[in-house]
There are 2 protein chains.
Amino acid sequence: METQKNKKEMFYPHVSVDCVLLGTNEDKLCVLLVERQVAGSDEKHYKLPGSLIYESEDLDTAAYRVLNEATGLKRVALKQFRSFGSPARTKNKEDVQWLENASKMKISRIVTVAYLALCKIGKKTTMDEKSDTLIWAPVNELPHLPFDHKEIIEAARQEIRDWVDREPGIVFDYLPPKFTAYQLRRIFEIVYDKEVDVRNFRKKMSTMEYIVQTDETETGVNHRAARYFRFDRIKYNKLHSNFNKI
Amino acid sequence: METQKNKKEMFYPHVSVDCVLLGTNEDKLCVLLVERQVAGSDEKHYKLPGSLIYESEDLDTAAYRVLNEATGLKRVALKQFRSFGSPARTKNKEDVQWLENASKMKISRIVTVAYLALCKIGKKTTMDEKSDTLIWAPVNELPHLPFDHKEIIEAARQEIRDWVDREPGIVFDYLPPKFTAYQLRRIFEIVYDKEVDVRNFRKKMSTMEYIVQTDETETGVNHRAARYFRFDRIKYNKLHSNFNKI
DNA sequence: CCAAAAGTGTTGCGTATACACCCATGG
DNA sequence: CCATGGGTGTATACGCAACACTTTTGG
């Protein structure tokens with residue numbers, strides 16, 4: 001079956017990974033975009049962080065490299081969710097030209113493997129030298145993007161919900177070690193894009209043994225101080241190991 | 001980010017699609033395998049149906065081509081579920097040599113996009129000229145397979161459950177137009193690999209408006225004849241369209 | 001009449017939803 | 001004392017799981 005019939009000439013697609021790094025900005029779901037230089041244009045142009053894969057690099061490894069280059073983060077849960085390989089991806093000459101300049105390679109076709117993560121928005125400040133080339137764009141107000149990056153982001157947006165359903169633990173990659181019930185609830189509201197009842201949410205929290213109350217509370221707020229919670233990863237892993245599902 | 005640092009030489013991975021076509025054989029979940037010729041061996045060697053992608057072909061199109069070449073089927077729901085791209089995939093020299101012979105190409109690395117379908121097992125008989133080169137192997141008793149095909153099949157087995165949960169309609173691709181409650185139940189039992197209570201299952205069936213009773217019953221069985229049901233795809237699509245989920 | 005599979009209801013449990021008021025704090 | 005958000009309980013609805021006997025048919 002691997003025989004290539006109708007072979008006209010040697011055909012070598014390129015393979016890349018693209019990362020959809022999602023975060024929230026107060027009240028909107030946002031995606032991290034990186035600036036790209038477009039010859040002969042003063043406007044800022046953006047794209048998803050991504051890279052062609054290296055020769056001896058696994059797909060997951062490439063994705064973590066891209067994540068780290070873009071954000072400085074290393075230990076965030078990153079999930080492969082779909083590959084995009086339409087020949088039409090390279091139909092825009094401008095996109096292809098930019099990519100050929102950047103990669104110093106002749107590009108005819110590129111298949112990309114897309115990855116997804118929930119990612120702390122504030123961390124970009126730890127990457128000072130890069131921070132002016134990164135933006136968090138609300139997924140509903142995306143700038144012009146090359147290739148099919150909008151489609152990839154849209155797919156990621158669907159995917160994140162299923163992922164949080166199956167692995168609620170990933171949202172704690174996103175939160176600080178101590179967090180309030182409000183912060184946690186907002187993540188769910190933003191990811192699912194719908195309101196969550198406060199009381200029902202707290203009830204659910206109290207059934208999740210891996211969310212534990214601390215004695216600490218907020219300080220310096222001009223209303224009743226909220227209690228801090230923390231995430232117990234040990235308990236979480238015990239409850240969510242595949243071992244229990246079989 | 002697409003800049004390839006540490007570039008030693010031009011690096012061109014190949015891209016293929018592989019299809020995991022699942023079916024049931026009375027009581028076991030099975031996967032369709034195709035024979036491959038291995039030089040200097042009389043034994044039969046098998047692999048997943050797959051192909052390098054053609055130059056102007058979308059990934060989905062390539063997957064449907066492979067499906068059709070292997071089974072003659074065209075209208076089965078086929079779902080991309082994961083890509084596999086470890087450099088270690090080509091660590092077995094024998095596999096690579098076979099692939100280079102078959103494709104007439106020098107292969108250093110191959111990234112494959114894996115697809116999944118539930119597929120009628122009997123249809124191979126419509127492909128008489130090929131039927132002796134195809135087998136349905138129980139997923140628990142796989143022969144030796146090249147590359148990481150066992151890993152791909154294992155991943156497909158996990159995936160099929162989630163897919164049936166989200167899109168129960170795919171199981172009707174697999175059944176004849178008229179089917180009994182028993183046949184439908186067996187599919188779920190085999191896919192989920194656990195027993196399903198008969199009464200609870202019928203209750204659930206009766207809540208699914210797209211499963212409609214017919215007046216026909218089995219004939220020629222030496223026990224009480226079972227009633228036939230049919231699948232109403234129109235009703236199903238109305239109930240399962242994304243439109244209703246938003 | 002017997003073997004073999006078809007068909008049929010009820011109950012309990014746990015989880016999701018809807019909903020409104022008092023509490024603590026800083027200014 | 002007031003504005004702001006924190007924190008709490010109850011009642012209802014729904015889906016899921018457990019469970020055993022009668023019916024129909026061919027041989």
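The analysis underlying the following values was restricted to heavy atoms, covering all of them including side chains, and did not include hydrogens, waters or symmetry mates.
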Report the distance from atom [atom1] of [X] to atom [atom2] of [N], rounded to the nearest whole Å.
X: B/Gln183; N: C/dA5; atom1: CD; atom2: P; value: 14 Å
X: B/Arg227; N: D/dT25; atom1: CZ; atom2: P; value: 11 Å
X: B/Tyr182; N: C/dA5; atom1: OH; atom2: P; value: 8 Å
X: B/Phe179; N: C/dA6; atom1: CZ; atom2: C1'; value: 16 Å
X: A/Gln213; N: D/dG6; atom1: CD; atom2: P; value: 14 Å
X: A/Phe188; N: C/dA16; atom1: CZ; atom2: P; value: 12 Å
X: A/Leu184; N: D/dG7; atom1: CG; atom2: C1'; value: 16 Å

Which nucleotide in [options] has an atom nearest any side-chain atom of [X]:
X: A/Arg224; options: C/dG7, C/dC19, C/dA24; value: C/dA24
X: B/Asn222; options: D/dG27, D/dC19, D/dG6; value: D/dG27
X: B/Arg199; options: D/dA20, D/dG9, D/dT23; value: D/dA20
X: A/Asn200; options: D/dT25, D/dG7, C/dA18; value: C/dA18

Check your understanding: What pairs with A/Asp162 under salt bridge (charged side-chain N to carboxylate O under 4.0 Å, His left out), at least two apart in sequence or on another chain?
Key -> B/Arg166
Review point. Do B/Asp197 side-chain and D/dC16 base share a donor-acceptor contact under 3.5 Å?
Key: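 Flag unset: no donor-acceptor pair detected.
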Review point. Is there a residue in residues 201-211 of chain A whose heavy atoms reach under 4.0 Å of DNA chain D, and which residues are they?
Key: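 Going residue by residue through residues 201-211 of chain A, the ones with a heavy atom under 4.0 Å of DNA chain D turn out to be A/Arg202, A/Lys203.
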Practice item. Assess whether atom OH of B/Tyr182 is packed by more than 12 heavy atoms of other residues, nucleotides or ligands within 6.0 Å. Key: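 For B/Tyr182, atom OH is not crowded (no more than 12 foreign heavy atoms under 6.0 Å).
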Check your understanding: Which residue, A/His223 or A/Thr217, contacts DNA chain D at a nucleotide closer to its 5' end, judged by nearest heavy atom?
Key ->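 Its nearest nucleotide being more 5', the pick is A/His223.
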Exercise for review: Using heavy atoms to find the nearest nucleotide of DNA chain C for A/Ala225 and A/Val198 separately, return the residue whose nucleotide is more 5′.
Suggested key: A/Val198
Review point. Just one of A/Met208, A/Gln213, A/Glu209 clears the side-chain contact (heavy atoms from CB on, under 4.5 Å) bar with A/Ile211, so which one?
Key: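 Filter result, single survivor: A/Met208.
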**Study point:** From B/Ile135 atom CD1 to B/Lys44 atom NZ, the distance as rounded to the nearest 0.5 Å
**Key:**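 Reported to 0.5 Å precision, the distance equals 9.0 Å.
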Review point. Can you tell me if B/Tyr64 uses its side chain to pair, donor with acceptor, with the backbone of B/Val76 under 3.5 Å?
Key: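 Yes; judged by distance alone, with no hydrogens or angles, the pair exists.
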Point to revise | Aromatic plane relationship, B/Phe84 with B/Phe81 - under 30° parallel, 30 to 60° tilted, over 60° perpendicular | key: perpendicular
Exercise for review: Return the orientation label for the B/Phe172 and B/Phe231 ring planes: parallel under 30°, perpendicular over 60°, tilted otherwise.
Suggested key: parallel
